[in-house]
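One structure is given here, and the rest of the page talks about it.
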Amino acid sequence: MKYADAYRFGKEALTAAGIGEAELDARLLLETVCHTTRNDLLVHGDREVTQEEEKQYRDWIARRASRIPLQHITGVQEFMGLEFLVNENVLIPRQDTEILVEEVLRELTDGSRILDLCTGSGCILLSLLRYSNDCVGVGSDISREALDVARRNAKQLGIRADFLCGDLFEKVEGRYDFIISNPPYIASGEIEGLMDEVRLHEPLSALDGHEDGLFFYRRIVGECPDYLVRGGSLYLEIGWDQGSAVKTLMEEAGFHEVRVTKDYAGLDRVVSGIWF
């Protein structure tokens, strides 16, 4: 089978399965299998795909057609220009979450102590440590399986960080200059309406924000003053319709200069404030 024919097969199979980005996913899977780039489809479409490559590609296309996320098939996802290992035990890093990292980096100073709650794959914490100097980072998560992924990512990226297994602040000691979190924030009643790729293949514990989606925000905002230095900052990723509610929670708890930051689509994405 020629390279262009393999791509055509993958695109048609994913289109027939109702995959929204069939062309893109077919191309990315083919490039991963064959260790090629986008240019190969344009310039070397007549190259022969080996039998082994064709077999793996057909298998991957079948898995993607069954709604397994692309990133779970390839095992990686790019975030903040870095490659992170992912699997079914962690949320797949989203581009929207880069807004959270970028906002923290605007204020992050060398040597800061950073605590990342619900760290998952570690993508937020490890990105902050990679793009800063001499900062100390701790990630906390209730899932041991997620922390295994975070530790593998830290090792692969050559970044030193500590990871604690506990419920939010359960195992945390000391005070931090920055506390950051992308907690579960989807209301329980909305889980069933999520895409199959998310609902069936990403960890429910990282999605479900209980009845109104604000359960973890209430806990974090209420407990974090015991773990922030005076003048320390709290940064929270939020759902598009939660900006006002989370801002009010932080203001009522005594945070100052509370602000809501929008993402590139113009939707509320981050709420942050300072503790004095």
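Hydrogens, waters and symmetry mates are skipped; everything else that's a heavy atom, side chains included, is used.
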Passes salt bridge (Lys or Arg N to Asp or Glu O under 4.0 Å), R94 versus E237? Steps please. CA-CA 11 Å; R94 267 74 168 177; E237 178 170 336; over 6 Å; no
Would you check, one step at a time, whether the test side chain to side chain contact (heavy atoms under 4.5 Å, CB included) holds for D226 with F169? CA-CA 10 Å; D226 291 335; F169 296 98; over 6 Å; no
Is there a side chain to side chain contact (heavy atoms under 4.5 Å, CB included) between C118 and I142? Walk through the geometry before answering. CA-CA 7 Å; C118 309; I142 200 169; over 6 Å; no
Decide yes or no on side chain to side chain contact (heavy atoms under 4.5 Å, CB included) for V172 and V138, but give the supporting numbers first. CA-CA 9 Å; V172 175; V138 175; 5.5 Å; no
How far apart are the C-alpha atoms of E54 and R58, what are their side-chain angles, what is the distance that settles it, and do they pass the salt bridge (Lys or Arg N to Asp or Glu O under 4.0 Å) test? CA-CA 6 Å; E54 179 182 346; R58 288 181 179 275; 3.0 Å; yes
Under the side chain to side chain contact (heavy atoms under 4.5 Å, CB included) criterion, do N89 and D148 qualify, and how do the steps go? CA-CA 9 Å; N89 297 308; D148 287 342; over 6 Å; no
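A heavy-atom distance below 4.5 Å is found between the side chains of L41 and Y3. When side chains are defined from C-beta on, V149 does not count as touching V86, because their heavy atoms never get closer than 4.5 Å. Looking only at side-chain heavy atoms (C-beta outward), K2 and R47 stay at 4.5 Å or farther from each other. Residues P69 and I92 meet the side-chain proximity criterion, which asks for heavy atoms closer than 4.5 Å. Put simply, the side chain of L228 reaches to within 4.5 Å of the side chain of I179, judged on heavy atoms. Looking at heavy atoms from C-beta onward, I19 lies in side-chain contact with D25 at the 4.5 angstrom threshold. Under the 4.5 Å side-chain criterion, counting only non-hydrogen atoms from C-beta, L207 is not in contact with P184. Within the 4.5 Å cutoff, the side chain of M80 has heavy atoms near those of the L105 side chain.
The side-chain contact (heavy atoms from CB on, under 4.5 Å) test with W275 singles out one residue from C224, S233, P225, and that residue is P225.
For T119 and D141, the side-chain atoms include no donor-acceptor pair closer than 3.5 Å.
Judged purely by atom type and a 3.5 angstrom limit, R269 has no side-chain atom pairing as donor or acceptor with the backbone of Y264. Side-chain N or O atoms of Q156 include one that pairs as donor or acceptor with a backbone N or O of E83 at under 3.5 Å. Proximity of a side-chain donor or acceptor of N153 to a complementary backbone N or O of L85 within less than 3.5 Å is detected. For the pair Q242 (side chain) and Y185 (backbone), a donor-acceptor distance under 3.5 Å is present. Looking only at distances, a side-chain donor or acceptor of D177 sits under 3.5 Å from a matching main-chain atom of R113. Between the Y227 side chain and the L115 main chain, no donor and acceptor come within less than 3.5 Å of each other. For the pair Y57 (side chain) and A26 (backbone), a donor-acceptor distance under 3.5 Å is present. Under the 3.5 Å distance criterion, the side-chain polar atoms of E88 are left unmatched by any main-chain donor or acceptor of H72.
Residue D196 holds its CG atom at 11.5 Å from CD1 of I68, rounded to the nearest 0.5 Å. Rounding to the nearest 0.5 Å gives a distance of 12.0 Å between OG1 of T32 and CD of E53. Taken from CD in Q51 to CD in Q56, the straight-line distance is 14.0 Å, to the nearest 0.5 Å. Of the inter-residue distances, the one linking T261 atom OG1 with L236 atom CG reads 11.5 Å to the nearest 0.5 angstrom. Interatomic distance, M195 CE to R67 CZ, rounded to the nearest 0.5 Å: 7.0 Å. One finds the CZ atom of R130 at 5.5 Å from the CG atom of L157 (value rounded to the nearest 0.5 Å).
Counting non-hydrogen atoms of neighbouring residues, nucleotides and ligands closer than 6.0 angstrom, the CD atom of E21 reaches no more than 12 such neighbours. Atom NZ of K155 sits in a sparse spot, with 12 or fewer heavy atoms from other residues, nucleotides or ligands closer than 6.0 Å. In Q95, the CD atom is not crowded: 12 or fewer heavy atoms of neighbouring residues, nucleotides or ligands sit closer than 6.0 Å. The local environment of CZ in R152 is sparse, with at most 12 non-hydrogen atoms from other residues, nucleotides or ligands closer than 6.0 Å. Annotation: R160, atom CZ; neighbour count of heavy atoms from other residues, nucleotides and ligands within 6.0 Å does not exceed 12.
Salt-bridge formation is detected for the pair R219/D167: a Lys NZ or Arg NE/NH1/NH2 atom is positioned less than 4.0 Å from an Asp or Glu carboxylate oxygen. With respect to E197 and R64, a salt bridge is recorded, a charged nitrogen being found less than 4.0 Å from a carboxylate O. Looking at E103 and R259, a side-chain N of the basic residue comes within less than 4.0 Å of a carboxylate O on the acidic one, giving a salt bridge. The existence of a salt bridge linking E102 and R106 is excluded, since no basic side-chain nitrogen approaches an acidic carboxylate oxygen closer than 4.0 Å. For the pair R218 and D212, the salt-bridge criterion is met [side-chain N within less than 4.0 Å of a carboxylate O].
Under a hydrophobic clustering in which Ile, Leu, Val, Met, Phe, Trp and Tyr are joined whenever their side-chain heavy atoms come within less than 4.5 Å, directly or via other members, V260 and W240 fall into different clusters. The hydrophobic cluster containing M250 does not contain V229, counting ILVMFWY residues as joined when their side-chain heavy atoms lie under 4.5 angstrom apart, directly or transitively. Residue V76 is not grouped with residue W60 when hydrophobic side chains (ILVMFWY) are merged at heavy-atom distances under 4.5 angstrom, including chains of intermediate members. Linking ILVMFWY residues whenever their side-chain heavy atoms come closer than 4.5 Å, directly or via other members, places I99 and L128 in the same cluster. In the hydrophobic clustering of this structure, V246 does not group with I180; members are Ile, Leu, Val, Met, Phe, Trp, Tyr whose side-chain heavy atoms approach within less than 4.5 Å, directly or through other members.
Considering all non-hydrogen atoms of both residues, L108 and S132 come closest at CD2-CB, 3.6 Å. Listed here is the closest heavy atom pair of L249 and Y217: CD1-CB, 4.0 Å. The two atoms that bring F79 and E98 nearest to each other are CE1-CG, 3.5 Å, heavy atoms only. F216 and P183 make their closest contact through CB-CB, 3.8 Å (heavy atoms, listed as atom of the first residue, atom of the second, distance). Pairing each heavy atom of A150 with each of F163, the nearest pair is CB-CE2, 3.7 Å. Of all the heavy atoms in F84 and C123, the pair that sits closest is CE2-CA, 3.4 Å.
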